[in-house]
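What follows is a set of notes on a single structure, which appears directly below.
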Amino acid sequence: MATTTTTTPQSIEDTVVESLVNFGAEADAITRDATLEDIDVDSLDLVELTQVVEETYDIDLEGSDFKTVKTVGDVVDLVVAKVG
Amino acid sequence: MRDVVITGVGAVTPLGVGARVLHERWTAGACAVRDGEAPCADFDVTDHMTSKEARRADRATQLAITAGDEALADAGWGDELPYDPELIGCVLGTGIGGIGTLENNHDLLRDTGPDSVSPLAVPLMMSNAGSAALSLRNGLRGPVFSVVSACAAGSHAIGTALRMIQHGEAEAVVTGGAEAPLTPLSRAAFARMNALSPTGVSRPFDARRDGFVMGEGAGVLVLGAGDAARARGARILGTMRGYGASGDAHHITAPHKEGRGGARAMSIALGDAGFTPNDIDYVNAHGTSTQLNDRAETLALKLALGERASQIPISSTKSAIGHLLGAAGAVEAIATLLALRDRIAPPTVGWEEAEEGMDLDYVPGTAQPLKLSNGRPPVAISNSFGFGGHNATLCLQAA
């Protein structure tokens, strides 16, 4: 399901936020500065998120890519960097 | 040996959400079978857990969590557990585990490739997901595992919980069973082996019976050491008096024709409880509505109970809710307990035609009051028999 619309940092952030909400995180609590722990996002959620962004943006992410990720902003930045 | 009491029950069944709903509607003669199946139509997962909790659970686990919440609340367990968490176990039974999850992920694998398979597939479909979920949700840190023995799993789980408490491994065990088998593969597989009723009617022990009707649901009981439960002033619903298990070693799906394995499970449970057949006031039969089971079970009852078999009411919960497979034994143990508490034998709903040689009192039509003679709280046995020749009988006594 490769996207046909223009991919921007904002569209990537929207995709990440939408996925986290689908996984059960509270929409109001999701900000760039919120830590994954704050919004109860765990390793299984990250694997699911990886699946979504890999499919949406045709990129490859490794488990090690997430080693230093702490906040929602970190996740968005990681995906933005990979999409390039 | 410590006595083991039941202090809380919870159930989600085709008759509704709640153990009392099951008891009251079955006793009134209700039947939840619709179009040949018995789904939990009243169950809305969003009433019972967050979307995150629901996503992390196969439907079988969702049913278990909901029944578990009811059972713990019924037992008076608040935010703080009444015993050392390391001495509270959780043992649930299931026949298949998360088969809906397995089927959905297999569809993804076939249609869009291995990268589409959900990272949640394993934790959702594993057969121990139910006991894991109840342990996590409630902080139960004693022995936690699941039991898999087809349609006997719920009773085996409860019997195992009984032993754990008797042997001092646990002060209390949250136990029962859950199953959500109303899926395309499961329907097709049971239908292909001619186990399902082609007419879609569950009528155990009736001459016209032609197979079982598949249902879904969960039943959870809180079992605890009697001394500890009394010390904390718990309300006691009844006593789990005995447990018997046996193997047929006869055929992978058919019961022994003379019901020898089932009879042994009943006799062992009675001996374990310290009772004789004359002490039994009611039998909650396995009663699946298959040709083979109901005839073999009738013979087994005569073998194990002798003349007593024809003097007491014998009914099948499956006439009201179909066959809940690995959850059946747990839901039926709850139905048995609440029937004993009300001193009543709920009916085998829809029973009308006797078959030669099947001449016991199957409680046709309407519920019967139990006839009690010796002044002590009534006693019942509940049978569960599974493919593989697995037999389990529980012996319960009202408080």
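Values below: all heavy atoms of this structure, side chains included; hydrogens, waters and symmetry mates excluded. Keep in mind that this is a model prediction, so the values were computed, not measured. Naming convention: chains lettered A, B, ... in sequence-line order (proteins, then strands); numbering from 1 in each chain.
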*Portion of Val122(B) that has a non-hydrogen atom of chain A nearer than 4.5 angstrom*: neither
_I'd like to know if the side chain of Glu70(B) reaches the main chain of Ala19(B), judged simply by a donor and an acceptor atom lying under 3.5 Å from each other, with no hydrogens or angles considered._
yes
*For the side chain of Arg25(B) and the backbone of Leu15(B), is there at least one donor-acceptor N/O pair under 3.5 Å apart?*
yes
Give each N or O donor-acceptor pair spanning chain B and chain A at a distance under 3.5 Å, with atom names and distance to 0.1 Å, or state none.
| residue | atom | partner | partner atom | Å |
| --- | --- | --- | --- | --- |
| Lys52(B) | NZ | Asp40(A) | O | 2.4 |
| Lys52(B) | NZ | Asp45(A) | OD2 | 2.5 |
| Arg55(B) | NE | Asn22(A) | O | 3.3 |
| Arg55(B) | NH1 | Glu48(A) | OE1 | 2.9 |
| Arg55(B) | NH2 | Glu48(A) | OE1 | 3.2 |
| Arg55(B) | NH2 | Glu48(A) | OE2 | 2.9 |
| Arg56(B) | NH1 | Asp42(A) | OD2 | 2.8 |
| Arg56(B) | NH2 | Asp42(A) | OD1 | 2.6 |
| Arg56(B) | NH2 | Asp42(A) | OD2 | 3.3 |
| Arg56(B) | NH2 | Asp45(A) | OD1 | 2.9 |
| Arg56(B) | NH2 | Asp45(A) | OD2 | 3.1 |
| Asp115(B) | O | Gln51(A) | NE2 | 2.6 |
| Ser116(B) | O | Gln51(A) | NE2 | 3.3 |
| Val117(B) | O | Gln51(A) | NE2 | 2.8 |

*Taking Thr175(B) for its side chain and Val91(B) for its backbone only, find out whether a donor-acceptor pair lies under 3.5 Å.*
yes
_Main chain of Ala234(B), side chain of Thr7(B): is a donor-acceptor contact present, judged purely on distance under 3.5 Å?_
no
*Do the side chain of Glu171(B) and the main chain of Asp84(B) share a donor and acceptor less than 3.5 angstrom apart?*
no
_Exercise: identify the closest heavy-atom pair between Ile334(B) and Gly10(B)_ = CD1-O, 3.3 Å
